[in-house]
Number of protein chains: 2
Amino acid sequence: MASSGDEIETLIATMARLPGLGPRSARRIVLHLIRKRAGQMAQLAGLMGHVAENARECLVCGNVTGADICPICEDPARATGEICVVTDVADLWAMERGRAFRGRYHVLGGSLSALDEIGPEDLRIPQLLDRIAEENIAEVILALSATVEGQTTAHYIAEALAPTGVVVTGLAQGVPIGGELDYLDDGTIAAALRARRKL
Amino acid sequence: MASSGDEIETLIATMARLPGLGPRSARRIVLHLIRKRAGQMAQLAGLMGHVAENARECLVCGNVTGADICPICEDPARATGEICVVTDVADLWAMERGRAFRGRYHVLGGSLSALDEIGPEDLRIPQLLDRIAEENIAEVILALSATVEGQTTAHYIAEALAPTGVVVTGLAQGVPIGGELDYLDDGTIAAALRARRKL
């Protein structure tokens, strides 16, 4: 299809490669943007160019940000002595939406995987050890996925942190809020039963 | 949430307002783009800026394009004497994907609607009449939606074209290819029965 000129076709093809989009949704978005080309489209293009130029990893925690240090690491109120270790930035954002954690983060950038040859040096684990030596950290919370790779990574980090004397905790496993037992997998029910609490 | 700086948040919020996207898919796309900020993101920003600046309506048919005249109207092979009238550019693109029509188009830009006060002057209908007077047109195909507004518009255009002597046709109505009778609405079945063909 070259019914609207090469540039518009290329834009649609590029948009269609974004995660969660396809040719149909990309066409719909591009048509919408072309209708608002003077306003929303020019603004979005400018913003995207800016972020492409300025986005980088926070030198302390690995969060993505437009400055050398991210707003969370910059915020003195968040120097609570707790570090929450997450696999990637999407998980950091998810934790922030929960509004339950008020300390700082450490983004690993992946999970340990013998298969994919991802070792501790690839995962910002040395930087985590440095931070514990330098900052005044009392507790490290491992908010890693409840998958085999996530739990392998959690186990490795817990071992590596043992000599430092810092308290290492993990997220509780159990029934999600609003979760119906009938729809839960067996592993979750078993974990929730093992970790049962007195009411 | 301002965990990654204002610019990234604004980009996510702007993306989330695009049709078919929401906060979750916008975050996913922005994170993906930030990972590829030097390549795909900078390229997409540049393309989008270019299209925002250059996209306009084809002066002949109303298709969106990066030049004054769209590639279809520029193509001499498509001067077949047939004009296909469509409601909007999305419909033009849909027709092109079908690869069945080899003539030129005329984009109305909407449907007639007494309720929304959209009259013939708002719909590039006068321009259609001009084209029929100027170009050597034998047939006008009304590829309009099978809705009340689409059919009202088709009826109006057919009346307006009657004095010109040009042949006016409409798309056939019937069972879609691959359509199962069991899932079709009653109106479509009735229309397909009325328009039954000898095999």
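Numbers restart at 1 for each chain; the letters A, B, ... are given by sequence-line order, proteins then strands.
In the model, B:Gln40 has no side-chain atom that pairs as donor or acceptor with a side-chain atom of A:Thr14 under 3.5 Å.
Among all heavy-atom pairs drawn from B:Leu184 and B:Pro176, the shortest one is CD2-CD, 3.7 Å. Between A:Val64 and B:Leu31, the shortest heavy-atom contact is CG2-CD2, 4.4 Å. Residues B:Tyr105 and B:Glu96 approach most closely at OH-OE2, 2.6 Å, considering heavy atoms.
Ranking A:Ala52, A:Ala42, A:Gly66, A:Cys73 against chain B, the residue ahead of the rest is A:Ala52, based on heavy-atom pairs under 4.5 Å. Ranking A:Ala90, A:Gly46, A:Ala55, A:Gly20 against chain B, the residue ahead of the rest is A:Ala55, based on heavy-atom pairs under 4.5 Å. Ranked by heavy-atom pairs shorter than 4.5 Å toward chain A, the options B:Arg56, B:Met15, B:Arg28, B:Arg17 are led by B:Arg28. When each of A:Glu53, A:Met48, A:Gln43 is scored by its heavy-atom pairs under 4.5 Å with chain B, the top score falls to A:Met48. Counting heavy-atom pairs under 4.5 Å between each of A:Leu18, A:Val51, A:Thr65, A:Val30 and chain B puts A:Val51 at the top.
Using modelled atom types, no side-chain atom of A:Arg78 and backbone atom of A:Ile72 make a donor-acceptor pair closer than 3.5 Å. A donor-acceptor contact shorter than 3.5 Å links the side chain of A:Thr152 to the backbone of A:Val148. Side chain of A:Thr153 to backbone of A:Leu112: a donor-acceptor contact under 3.5 angstrom is found.
For A:Thr10, the parts lying near chain B are the backbone and the side chain together; criterion is any non-hydrogen pair under 4.5 Å. With a 4.5 angstrom heavy-atom cutoff, B:Glu74 does not touch chain A via any of its atoms. For A:Ile34, the part lying under 4.5 angstrom from a heavy atom of chain B is the side chain only. For A:Asp75, no part lies near chain B; criterion is any non-hydrogen pair under 4.5 Å. In this structure, chain A has heavy atoms under 4.5 Å from both the backbone and the side chain of B:His50.
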